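Computed from a predicted model, the values in this text were never measured in an experiment. By convention in this document, chain letters (A, B, ...) are assigned in the order of the sequence lines, proteins followed by strands, and residues within each chain are numbered from 1.
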Amino acid sequence: MKSKHIVATLARFLAFVSLGCFASASLAKDIAAGRAKADEVCAACHGKDGVTTIDPSYPKLAGQHADYLLVALTEYKNGSRKNAIMASQATGLSKADMENLAAYYASLKGPMTNKR
Amino acid sequence: MGNKHSLSLDALSTGSAKLKRSVSLNPLLGFAAALSLAIAVMAPVHAQQAGAGDPKAGADKRSQCIGCHGIPGYKASFPRVYNVPMIAGQNAKYIEAALIAYRKGDRPHPTMRGIAWSLSDADIADLAAYYASL
């Protein structure tokens with residue numbers, strides 16, 4: 001009786017963990033669609049390579065973490081990050097667009113590191 | 001107490017107007033705010049130079065940064081879980097703009113707002129110059 005309960009708990013735990021893995025794997029989105037959107041919307045300021053920005057106060061994006069880029073875009077869109085230019089750019093992006101863009105820029109080779 | 005605490009954390013991440021209100025609610029947060037203010041007032045006493053930052057001076061000021069940004073794979077855990085951005089090699093002017101935005105409250109991340117509050121303009125310029133030079 002008790003062991004049955006343990007097995008059931010274990011099964012539930014494993015189901016939960018595998019669901020979690022699936023959910024995080026689904027962050028890997030459509031990189032080709034991200035590239036198309038990036039060329040259309042982002043490249044003019046952030047550079048076609050995501051490194052050669054037209055102004056030094058704009059960030060390099062190439063190689064940056066996808067989940068961070070998604071948070072940043074989401075915050076620009078919902079207004080919790082205040083920046084006039086990025087607010088107007090992000091307004092036109094859907095959640096899928098932002099996920100694709102984040103995946104695309106993260107996939108590029110970039111100069112940023114964790115050097116301290 | 002638990003309720004008050006979570007209300008204060010919420011206020012921290014949603015805006016300075018709410019923050020002001022929550023200060024009167026929670027003595028602990030009031031103390032933290034007073035301490036931050038004291039640090040912010042004292043910080044400009046450090047040599048304040050106009051123009052570009054000094055990467056060498058920035059290297060001496062990076063102790064607050066390395067615990068998160070210097071660890072590969074380190075994730076912010078509050079209010080959301082995600083990889084903290086890599087900042088070494090980023091544009092200096094952008095790092096400066098980002099830190100000033102956190103200090104002003106134009107970006108929501110509570111930890112970064114707290115850290116940016118403690119930095120003078122010169123600290124920010126020096127740190128930006130240091131990280132851009134890596």
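Here the side chain of A:Asn83 pairs a donor or acceptor atom with the backbone of A:Met86 at under 3.5 angstrom. A distance-only check finds no donor-acceptor pair linking the side chain of A:Asp30 to the backbone of A:Asn100 [under 3.5 Å].
Heavy-atom distances place both the backbone and the side chain of A:Gln64 under 4.5 Å from chain B. In this structure, the portions of B:Arg107 lying under 4.5 Å from any heavy atom of chain A include both its backbone and its side chain. Heavy atoms closer than 4.5 Å to chain A are found nowhere in B:Ile95, neither backbone nor side chain.
Within the model, atoms CZ of B:Arg103 and CE of B:Met112 stand 11.5 Å from one another, a figure rounded to the nearest 0.5 Å.
Aromatic ring pairs are classed by plane angle as parallel below 30°, tilted from 30° to 60° and perpendicular above 60°; the pair A:Tyr58 and A:His46 is tilted.
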*Under the salt bridge (charged side-chain N to carboxylate O under 4.0 Å, His left out) rule, what do B:Lys61 and B:Asp54 come out as? Steps first, then yes or no, please.*
CA-CA 11 Å; B:Lys61 296 172 179 176; B:Asp54 173 4; over 6 Å; no
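Within residues 104-116 of chain A, the residues having any heavy atom under 4.5 Å from a heavy atom of chain B are, by residue number, A:Pro111, A:Met112, A:Thr113, A:Asn114, A:Lys115, A:Arg116.
Both A:Tyr68 and A:Leu61 are part of a single hydrophobic cluster, where members link through side-chain heavy atoms under 4.5 Å apart.
Of the residues considered (B:Arg62, B:His69, B:Met86, B:Gln90), B:Met86 shows the highest number of contacts with chain A, using heavy-atom pairs under 4.5 Å.
Partners of A:Asp39 under the side chain to side chain donor-acceptor pair (under 3.5 Å) rule, at least two apart in sequence or in another chain, are A:Lys48.
Between A:Leu101 and A:Leu69 the shortest side-chain heavy-atom distance does not fall below 4.5 Å.
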